[in-house]
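Before any comments, here is the structure.
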Amino acid sequence: MLHKIKLSIVVLVTTISYAQTSTKVLIPYRDHNTWCLSDTLGTIKAKTTYKDIKDFIITRNKSFVARYLVKNNKNYFVVDQNQKVILPEMNPYDSIHLNEEFPNYYWVFKKGKVGIWTANKEIVNCLYNKITPTDNKSFVVEKGELKGLVNSQSKLIIPVEYQSIYSSWDEADQKNPKHVWVAEGVLVDKKFYDTKIKVDGTDLGNASVIGIVDSSGGGADVRNQKLEQLRAKYDKVDFNFYNDYAIVTKDGKVGVVQFDNQEELVTPLYEEVEQYGNDHGVSLYKVKKDHLYGLIKEGNTFFLNCEYDAILDDLTLVKGDKKGMIIFNSIYPSIAPKYFSIKEYKKIDISDTWQFGLYQVTTEKGKGLLGENGVEFFKD
């Protein structure tokens, strides 16, 4: 019995710890002029340091992949969360770009031209103005206005002399054991054939039907009757058919009433009221009282007290010359205004149900990364 209790405690502690931090998810951390990697709580997890970490991606599309674009000497190079080198430091590239949709492919640039590097080699040479991944693990390459195609074996199977290139959807071509491409030129269209690569299909699902729902409980007569009831109770009623609530004014103060059942969602106590998103499925309203702004939930519970000079549409909180950020649908509180600037930087998939938000902030000493949990991933 004692062993079972101990096991349960271990499992519980492990679960709580994972909800706070993951050993795989590592965030770039700047310690003065040196960079390293930490967990989501700001604890340094990697001994290796770098002069710069320019960019990083963390994705869980099919498997966990983390890539960091780092620099120690002259060239940037790519490492994973274990500091294993993926794209070596001794490379000829002027710059390297990471792509979250294709985390194992790297857009490499040399003398103004782009190529693709993966699996320890350059599979598309730096000869092109633009490269776009396409079907059959191939790449549409462009020079000026013309396009060609490089296949998965790094071969230019369609010369760069066409205006459009795409997979054929002709029924006969679909049954062909080869992958069939259609290349459209100015005067001629031509088909090209390549080895077909088996890939997992993606189910896009069914599109949702979106429309306007009449939530007023009936037709125009019922709506008008309810509108008259509200007008008899309040000095002013602003109602839009597309919403299920009305903005009401009484004795010069503004509130919100649910139109259908006439329930006061926000008591008329404010100078201004407007709808402002929702948190965990509950509607929020931006209110102004004594010249300061806050957020209030349906039912008159404050989400943020009225203490801000402004609450912007992009979720920025303003107090004096400092800025913070509203965080919805999170276990963490909003970020208090103590930075000169703040903007959303990345959302990282920690698990199937949790995305960890990262923000870029500016302080008196420069820029740094800030987690939605309030952890500053920098030290000046």
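The structure displayed is predicted, hence computed values, not measured ones. Residues take their numbers from the sequence shown, with the count starting at 1.
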Checklist line | Expected output: side-chain Trp107 to main-chain Ser95 donor-acceptor under 3.5 Å | finding: no
Item checked: Any donor-acceptor pair under 3.5 Å from Gln81 side chain to Leu37 backbone -> no
Next item on the list: Would you give the length of the straight line joining atom CG of Asp94 to atom NZ of Lys111, rounded to the nearest 0.5 angstrom?
Entry: 8.5 Å
Notebook entry, point to check: Should the pair Lys297 and Phe303 be classed as cation-pi, given the thresholds of under 6.0 Å to the six-membered ring centre and 45° from the axis?
Noted result: no
Item checked: Check against side chain to side chain donor-acceptor pair (under 3.5 Å), Gln229 and Tyr234 -> CA-CA 9 Å; Gln229 290 172 350; Tyr234 299 99; over 6 Å; no
Checklist line | Nearest heavy-atom neighbours spanning Cys126 and Val108 | finding: SG-O, 3.6 Å
Hey, can you pull the donor-acceptor pairs under 3.5 Å for the side chains in residues 279-292, sequence neighbours left out?
from   : atom 1 : to     : atom 2 : distance (Å)
Asp279 : OD1    : Asn329 : N      : 2.6
Ser283 : OG     : Glu298 : OE2    : 3.3
Lys286 : NZ     : Ile311 : O      : 3.0

Check: Looking at Tyr50, is Lys71 sitting on its ring face, NZ or CZ under 6.0 Å from the six-membered ring centre and within 45 degrees of the normal?
Finding: no
Next item on the list: For the pair Phe56 and Tyr68, name the ring-plane relationship: parallel under 30°, tilted 30 to 60°, perpendicular over 60°.
Entry: parallel
Checklist line | No-hydrogen, no-angle side-chain donor-acceptor test under 3.5 Å, Tyr76 and Asp52 | finding: yes
Next item on the list: Any chance you could measure Ile86, atom CD1, to Leu69, atom CG, to the nearest 0.5 Å?
Entry: 12.5 Å
Next item on the list: In plain terms, say whether Asp260 and Lys226 are close enough for a salt bridge, that is, a side-chain N and a carboxylate O under 4.0 Å apart.
Entry: yes
Notebook entry, point to check: Ignoring hydrogens and geometry, is there a side-chain-to-backbone donor-acceptor pair from Asn151 to Gln153 under 3.5 Å?
Noted result: yes
Margin query: Test salt bridge (Lys or Arg N to Asp or Glu O under 4.0 Å) on Asp173 and Lys178; report intermediate values, then the result.
Written below: CA-CA 8 Å; Asp173 291 337; Lys178 295 286 189 178; over 6 Å; no
Checklist line | Single-linkage hydrophobic cluster Ile96~Val70, side-chain heavy atoms < 4.5 angstrom | finding: no
Margin query: For a 4.5 angstrom cut-off between non-hydrogen side-chain atoms, does Val25 reach Asp39?
Written below: no
Check: For Leu370 and Glu376, which heavy atoms make the closest approach, and how far apart are they?
Finding: CD1-CG, 3.7 Å
Margin query: Does either side chain, that of Asn75 or that of Glu89, offer a donor lying less than 3.5 Å from an acceptor on the other one?
Written below: no
Notebook entry, point to check: Do Glu122 and Tyr93 meet the criterion of a side-chain donor-acceptor pair at a distance under 3.5 Å?
Noted result: yes
Check: Looking at the rings of His97 and Phe109, which for Trp means the six-membered one, are their centres under 6.0 Å apart?
Finding: yes
Notebook entry, point to check: Other than Met90, which residues form its hydrophobic cluster under the rule that side-chain heavy atoms must be closer than 4.5 Å?
Noted result: none
Next item on the list: Report the distance from atom OG of Ser154 to atom CG of Asn125, rounding to the nearest 0.5 Å.
Entry: 8.0 Å
Notebook entry, point to check: Do Tyr270 and Leu265 share a hydrophobic cluster, counting only Ile, Leu, Val, Met, Phe, Trp and Tyr and linking them when any side-chain heavy atoms are less than 4.5 Å apart?
Noted result: yes
Next item on the list: First locate atom CZ of Phe64, then atom CG of Asp80, and finally report the distance between them rounded to the nearest 0.5 Å.
Entry: 9.0 Å
Notebook entry, point to check: Taking the side chain from Arg30 and the backbone from Gly368, do they hold a donor-acceptor pair closer than 3.5 Å?
Noted result: no
Item checked: Spatial distance of atom NZ (Lys147) from atom CD (Glu184) [nearest 0.5 Å] -> 10.0 Å
Item checked: Presence of salt bridge, Asp55 and Arg67, under 4.0 angstrom -> no
Checklist line | Tyr345 (side chain) donor-acceptor with Ile342 (main chain) under 3.5 angstrom | finding: no
Item checked: Option among Phe139, Phe192, Trp181 that satisfies the side chain to side chain contact (heavy atoms under 4.5 Å, CB included) test with Leu149 -> Trp181
Checklist line | Side-chain heavy atoms of Trp35 within contact of Lys51, under 4.5 Å | finding: no
Next item on the list: Determine, stepwise, if the pair Thr118 / Asn104 fulfils side chain to side chain donor-acceptor pair (under 3.5 Å).
Entry: CA-CA 6 Å; Thr118 189; Asn104 291 312; over 6 Å; no
Next item on the list: For Asp235 and Thr249, test the side chains for any donor-to-acceptor distance below 3.5 angstrom and give the result as yes or no.
Entry: no
Margin query: Taking side chain to side chain contact (heavy atoms under 4.5 Å, CB included) as the criterion, tell me which of Leu230, Thr267, Val237 meets it with Val257.
Written below: Leu230
Notebook entry, point to check: If two hydrophobic side chains count as joined below 4.5 Å and joins carry through other members, does Ile158 share a cluster with Leu127?
Noted result: no
Checklist line | Test side chain to side chain donor-acceptor pair (under 3.5 Å) applied to Asp349 and Gln355, step by step | finding: CA-CA 5 Å; Asp349 291 330; Gln355 281 190 321; 3.0 Å; yes
Margin query: Please determine whether the number of non-hydrogen atoms from other residues, nucleotides or ligands lying under 6.0 Å from atom NZ of Lys190 exceeds 12.
Written below: no
Checklist line | Asn136-Ser138 side chain donor-acceptor pair, cut-off 3.5 Å | finding: no
Next item on the list: Look only at the side chain of Tyr276 and the backbone of Leu312, and say whether a donor-acceptor pair between them is shorter than 3.5 Å.
Entry: yes
Check: What class does the angle between the rings of Phe377 and Phe356 fall in, given that below 30° is parallel, 30 to 60° is tilted and above 60° is perpendicular?
Finding: perpendicular
Next item on the list: Dump the intermediate steps for side chain to side chain donor-acceptor pair (under 3.5 Å) on Asp170 and Ser168, then the final yes or no.
Entry: CA-CA 6 Å; Asp170 182 82; Ser168 173; 5.3 Å; no
Check: Once the angle between the rings of Tyr332 and Trp354 is folded into 0 to 90°, is it parallel (under 30°), tilted (30 to 60°) or perpendicular (over 60°)?
Finding: tilted
Checklist line | Residues Asp194, Lys155: salt bridge by 4.0 Å N-O rule | finding: no
Margin query: Testing the basics here: between Asp380 and His32, what is the closest heavy-atom pair and its distance to 0.1 Å?
Written below: C-NE2, 3.1 Å
Next item on the list: Indicate the atoms forming the closest heavy-atom contact of Cys36 with Thr49, along with that distance.
Entry: CB-CG2, 4.3 Å
Note to self: Counting neighbours of CG on Asn33 that are heavy atoms of other residues, nucleotides or ligands and sit closer than 6.0 Å, is the number greater than 12?
What the structure shows: no
Margin query: Give me the atom names and distance for the closest heavy-atom approach of Pro103 to Val65.
Written below: CB-CG1, 3.7 Å
Margin query: Testing Gln258, Gln275, Glu263 one by one against Tyr245 for a side-chain hydrogen bond (donor to acceptor under 3.5 Å, both in side chains), which residue passes?
Written below: Gln275
Item checked: Between Thr195 and His179, a side-chain donor and acceptor under 3.5 Å -> no
Notebook entry, point to check: Can a donor-acceptor pair be found between the side chains of Glu364 and Tyr339 at a distance below 3.5 Å?
Noted result: no
Notebook entry, point to check: What distance separates Cys306 SG from Ile296 CD1, expressed to the nearest 0.5 Å?
Noted result: 7.5 Å
Notebook entry, point to check: Under the 3.5 angstrom rule, does the side chain of Lys236 hit a backbone N or O of Gly252 as a donor-acceptor pair?
Noted result: no
Notebook entry, point to check: Just by distance, do the side chain of Asn305 and the backbone of Glu307 share a donor-acceptor pair under 3.5 Å?
Noted result: no
Check: With distance as the sole criterion, is a donor-acceptor pair present between the side chains of Glu100 and Thr59 under 3.5 Å?
Finding: no
Check: If you take all heavy atoms of Ile58 and Ala66, which pair is closest and at what distance?
Finding: CG1-CB, 4.1 Å
Margin query: Using a 3.5 Å distance criterion without hydrogens, assess whether the side chain of Asn373 forms a donor-acceptor pair with backbone atoms of Thr40.
Written below: yes
